[in-house]
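Note on naming: letters A, B, ... go to the chains in the order of the sequence lines (proteins, then strands), and numbering restarts at 1 for each one.
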Amino acid sequence: MDNGKKLTSQKQDFSAWYNEIVHQAELASHSPVRGCMVIRPYGYRIWELMQGSLDAMFKATGHQNAYFPLFLPKSALDREAEHVEGFAPETAVVTHAGGAKLEEPLVVRPTSEAIIWPIVRDWIHSYRDLPILLNQWANVVRWEMRTRPFLRTTEFLWQEGHTAHVSEEEAEEETRRMLGVYRTFMEDWMAMPVITGRQTDSERFAGGLRTYGCEALMKDNKALQAGTSHNLGQNFAQAFDVRYQTEAGEHVYVWSTSWGVSTRLIGGLIMTHGDDEGLILPPKLAPYQTVIVPIWRNDEQRGLVLEAAGRVRAELEAAGVRVHVDSRVGVNPGAKYYDWERRGVPIRLEVGPRDVEAESVMAVRRITPAGADRKTQVPMAGATEWLGAMLVSIQDEMFSAARDRRDAATVRGVEDYTEYRNLIETQGGFAFTGWCGDAGCEQQVKDDTKSTIRVIPDEEFRSETAPVNCLCGAPSVCEVVRARAY
RNA sequence: CGGGGAGUAGCUCAGUCCGGCAGAGCACUGGCUUUGGGAGCCAGGGGCCGCGGGUUCAAAUCCCGCCUCCCCGACCA
């Protein structure tokens with residue numbers, strides 16, 4: 001399963017630590033194709049669990065799944081000027097197919113607005129056809145210069161929501177609603193706290209009106225944009241002539257939105273919770289919420305222990321717990337412990353002859369640091385209730401720990417530029433500062449410190465007293481969150 | 001595209017300076033003994049030494065050309 005080596009220290013080289021976890025926890029493999037990734041079954045199972053809960057939330061907010069073509073005619077992408085300018089440098093283009101040169105090149109979708117709206121426009125005639133609330137689970141391709149497993153890959157899996165509305169207010173409401181859905185998912189399922197807010201114009205979706213995002217802070221104090229929600233205004237409706245007839249009989253353009261999260265979230269999960277022993281998964285997204293490791297010395301004990309393990313498993317399964325019995329022969333219990341710790345399983349249950357005798361199981365929580373007293377003896381009779389409650393508790397503890405770490409790495413009220421630069425270069429983290437609103441100033445700080453304005457935070461995240469000045473000394477027009485980011 | 005590094009077994013690499021049978025650890029296969037924190041012994045399998053050319057009796061090693069990957073920057077969900 002692995003090469004038996006300890007992980008490197010995350011303090012020394014977070015990037016190497018991250019890559020080792022990805023490989024040792026069997027989440028992904030390198031692809032022979034540049035910058036692409038192979039998601040292995042264990043990693044894909046995490047994605048499936050993410051898909052499941054997100055999809056349920058999309059359905060609960062009235063959305064329906066659909067599927068649209070992988071290829072965009074180049075002319076369609078060209079329809080929205082800012083959109084094509086934003087995405088053209090990173091598109092892959094098919095020029096030949098069927099043994100001949102194509103009359104019109106096809107662009108492998110970097111996002112699907114340019115294929116969805118030319119199609120969906122024919123579904124919309126009247127105000128009674130609106131809103132259109134669609135979601136697509138798909139892969140997209142963006143030819144980025146630099147790639148990292150899950151965080152930035154040439155090809156990635158995601159969901160993209162696309163909606164059309166009768167008014168700007170409705171579109172804005174939808175944009176904000178889905179940002180909220182993302183936040184709920186990230187915090188309640190991933191146990192990853194985020195700051196929500198609006199992006200500055202320089203970070204806005206190409207062709208959109210307003211972009212909102214969720215920003216998380218990784219363990220190395222770098223920010224990760226975990227999801228975005230865009231109010232596209234009428235830009236795409238105009239580009240693709242998507243109109244409807246109002247009650248009064250006028251033909252007017254729809255207001256559209258789009259929003260997406262990707263397999264990048266798996267990277268966020270790793271970098272929010274992992275430690276030197278490997279991955280740590282929140283119970284709600286763990287392929288196995290518990291793994292039972294049977295321990296025996298001879299065939300007789302093996303029979304007894306496996307029988308007891310089987311009973312515990314059956315009871316847990318009946319209670320809806322995702323459980324696995326690691327009954328591999330010829331692998332020592334210790335080796336199994338390391339395997340499942342590396343793969344982030346929240347609770348390990350050990351069942352040996354002594355436990356069978358005492359009618360109990362030995363439970364070990366992944367989030368408790370290695371040490372003498374981390375094992376808890378749990379009576380077999382109440383094991384299912386104990387474990388169910390413990391999974392809930394672990395989910396909460398993980399969120400609290402991540403939020404505390406994020407808050408501890410957050411600084412407010414910095415106005416002096418030297419102090420800011422020093423902060424970013426030494427400890428990193430989120431810095432709440434003022435901003436003059438000038439894009440030139442934003443760019444200057446970026447060039448200078450490699451840090452960017454991550455988000456203009458929503459009200460609940462703002463400081464009690466608004467900053468007076470921007471880092472440049474000019475009066476601040478709004479508070480912003482700055483950080484170095486992935 | 002600029003700066004640096006590396007291509008040898010599934011993985012991590014040694015061997016290259018100074019040419020002479022293709023190597024180690026881990027992983028894998030079989031056998032026996034083991035199993036409460038990464039088991040031991042024995043026996044095996046596995047190679048286009050990145051690619052092409054050149055020098056030489058002889059090239060992983062020297063020479064020429066090419067390709068690829070990784071790291072740091074510029075781009076980004």
Side-chain angles (χ1 to χ4, degrees), chain A residues 1-8 13 15-16 19-20 23-24 26 29-35 86-91 110-111 138-160 182 199 202-203 205-206 211 213-216 223-230 258-268 277-278 293-299 301-302 305 326-342 348-358 361-362 364 370-372 374-375 377 443 446-447 450 452 485-486:
Chain A
M1 177 182 259
D2 64 277
N3 61 11
K5 272 192 284 188
K6 270 264 188 185
L7 291 167
T8 54
D13 192 348
S15 172
N19 287 326
E20 277 196 60
H23 289 101
Q24 291 200 19
E26 301 185 345
S29 291
H30 278 120
S31 153
V33 183
R34 195 207 89 108
F87 281 103
E90 58 189 63
T91 53
T111 178
N139 56 342
V140 288
V141 167
R142 298 184 186 175
W143 217 262
E144 303 289 356
M145 294 178 184
R146 256 185 83 131
T147 59
R148 305 193 56 175
F150 294 115
L151 299 177
R152 187 172 306 104
T153 44
T154 301
E155 177 186 7
F156 57 91
L157 303 180
W158 77 343
Q159 63 64 218
E160 43 181 326
Y182 286 157
Q199 311 279 144
S202 69
E203 304 274 330
F205 179 77
T211 288
C214 300
E215 289 288 325
L224 182 75
Q225 183 174 102
T228 46
S229 184
H230 317 288
S258 70
W259 26 274
V261 294
S262 70
T263 36
R264 164 180 277 195
L265 290 178
I266 297 173
E277 313 304 319
V293 178
I295 300 158
W296 63 79
R297 285 174 188 279
N298 52 49
D299 283 351
Q301 288 184 346
R302 178 160 169 257
V305 158
D326 187 352
S327 53
R328 283 178 294 170
V329 178
V331 180
N332 286 341
K336 294 178 182 178
Y337 301 164
Y338 278 97
D339 280 351
W340 296 110
E341 271 170 15
R342 184 177 301 110
R348 178 177 76 239
L349 296 177
E350 305 171 7
V351 180
R354 296 206 294 264
D355 304 296
V356 174
E357 180 72 23
V361 294
M362 203 60 91
V364 184
R374 64 202 291 234
K375 297 194 177 185
Q377 193 176 9
Q443 184 64 39
K446 181 177 178 181
D447 294 344
K450 295 177 200 153
T452 50
Y486 277 99

What interatomic distance, in whole Å, is found between [atom1] of [M] and the corresponding atom of [N]?
N: B:C11; M: B:G47; atom1: P; answer: 14 Å
N: B:A59; M: B:C48; atom1: C1'; answer: 15 Å
N: B:U12; M: B:A27; atom1: C1'; answer: 11 Å

Taking the side chain of [X] as its heavy atoms from C-beta onward, which of [options] lies nearest to it?
X: A:Pro333; options: B:A77, B:G38, B:G36; value: B:G36
X: A:Ala335; options: B:G36, B:A39, B:A77; value: B:A39
X: A:Met362; options: B:A77, B:G36, B:G38; value: B:G36
X: A:Glu350; options: B:A77, B:G36, B:G37; value: B:G36
X: A:Lys450; options: B:A74, B:A77, B:U35; value: B:A74

Whole angstrom value for the distance that separates [atom2] of [N] from [atom1] of [X]:
X: A:Tyr338; N: B:G38; atom1: OH; atom2: C1'; result: 6 Å
X: A:Arg302; N: B:U34; atom1: CZ; atom2: P; result: 15 Å
X: A:Asn19; N: B:C70; atom1: CG; atom2: P; result: 10 Å
X: A:Asp326; N: B:G37; atom1: CG; atom2: C1'; result: 14 Å
X: A:Trp340; N: B:G36; atom1: CH2; atom2: C1'; result: 19 Å
X: A:Leu157; N: B:A77; atom1: CG; atom2: P; result: 17 Å
X: A:Arg328; N: B:U35; atom1: CZ; atom2: C1'; result: 13 Å
X: A:Glu20; N: B:C70; atom1: CD; atom2: P; result: 17 Å

Look at all strands and tell whether [X] reaches a base, only sugar-phosphate, or nothing, counting heavy atoms closer than 4.0 Å.
X: A:Trp296; result: base
X: A:Pro353; result: base
X: A:Val329; result: nothing
X: A:Ser262; result: base
X: A:Gly260; result: nothing
X: A:Arg348; result: base
X: A:Leu151; result: base
X: A:Thr153; result: base
X: A:Asp355; result: base

Practice item. Rounded to the nearest 0.5 Å, what's the gap from OG1 on A:Thr452 to CD on A:Gln225? Could you check? Key: 9.0 Å
**Study point:** A:Arg297 side-chain N/O to B:U35 phosphate OP1/OP2 under 4.0 Å
**Key:** yes
Review point. So does A:Asn332 get a side-chain nitrogen or oxygen closer than 4.0 Å to the phosphate oxygens (OP1/OP2) of B:A39?
Key: yes
Hey, does the side chain of [X] reach the backbone of [Y] with a donor-acceptor pair shorter than 3.5 angstrom?
X: A:Thr91; Y: A:Ala88; value: yes
X: A:Gln159; Y: A:Val261; value: yes
X: A:Glu203; Y: A:Gln199; value: no
X: A:Arg142; Y: A:Glu90; value: no

Practice item. May I ask whether A:Tyr337 stacks on the base of B:G38, given the cut-offs of 5.5 Å between ring centres and 30° between planes? Key: no
Practice item. For A:Arg348, enumerate each residue passing the salt bridge (Lys or Arg N to Asp or Glu O under 4.0 Å) test, keeping only those at least two apart in sequence or located in another chain. Key: A:Glu341, A:Glu350
Under a 3.5 Å cut-off for both contacts, is [N] paired Watson-Crick or G-U wobble with anything, and if yes, with which nucleotide?
N: B:C1; result: B:G73
N: B:U16; result: none
N: B:A9; result: none

Check your understanding: Is a donor-acceptor pair below 3.5 Å formed from side chain A:Glu341 to base B:G37, judging by atom type as modelled?
Key -> yes
Exercise for review: Specify the residue among A:Asp447 and A:Val364 whose closest nucleotide of RNA chain B lies further upstream toward the 5′ end.
Suggested key: A:Val364
Point to revise | Listed partners of A:Phe87 passing ring pair (Phe, Tyr, Trp, His ring centres under 6.0 Å), at least two apart | key: A:His83, A:Phe205
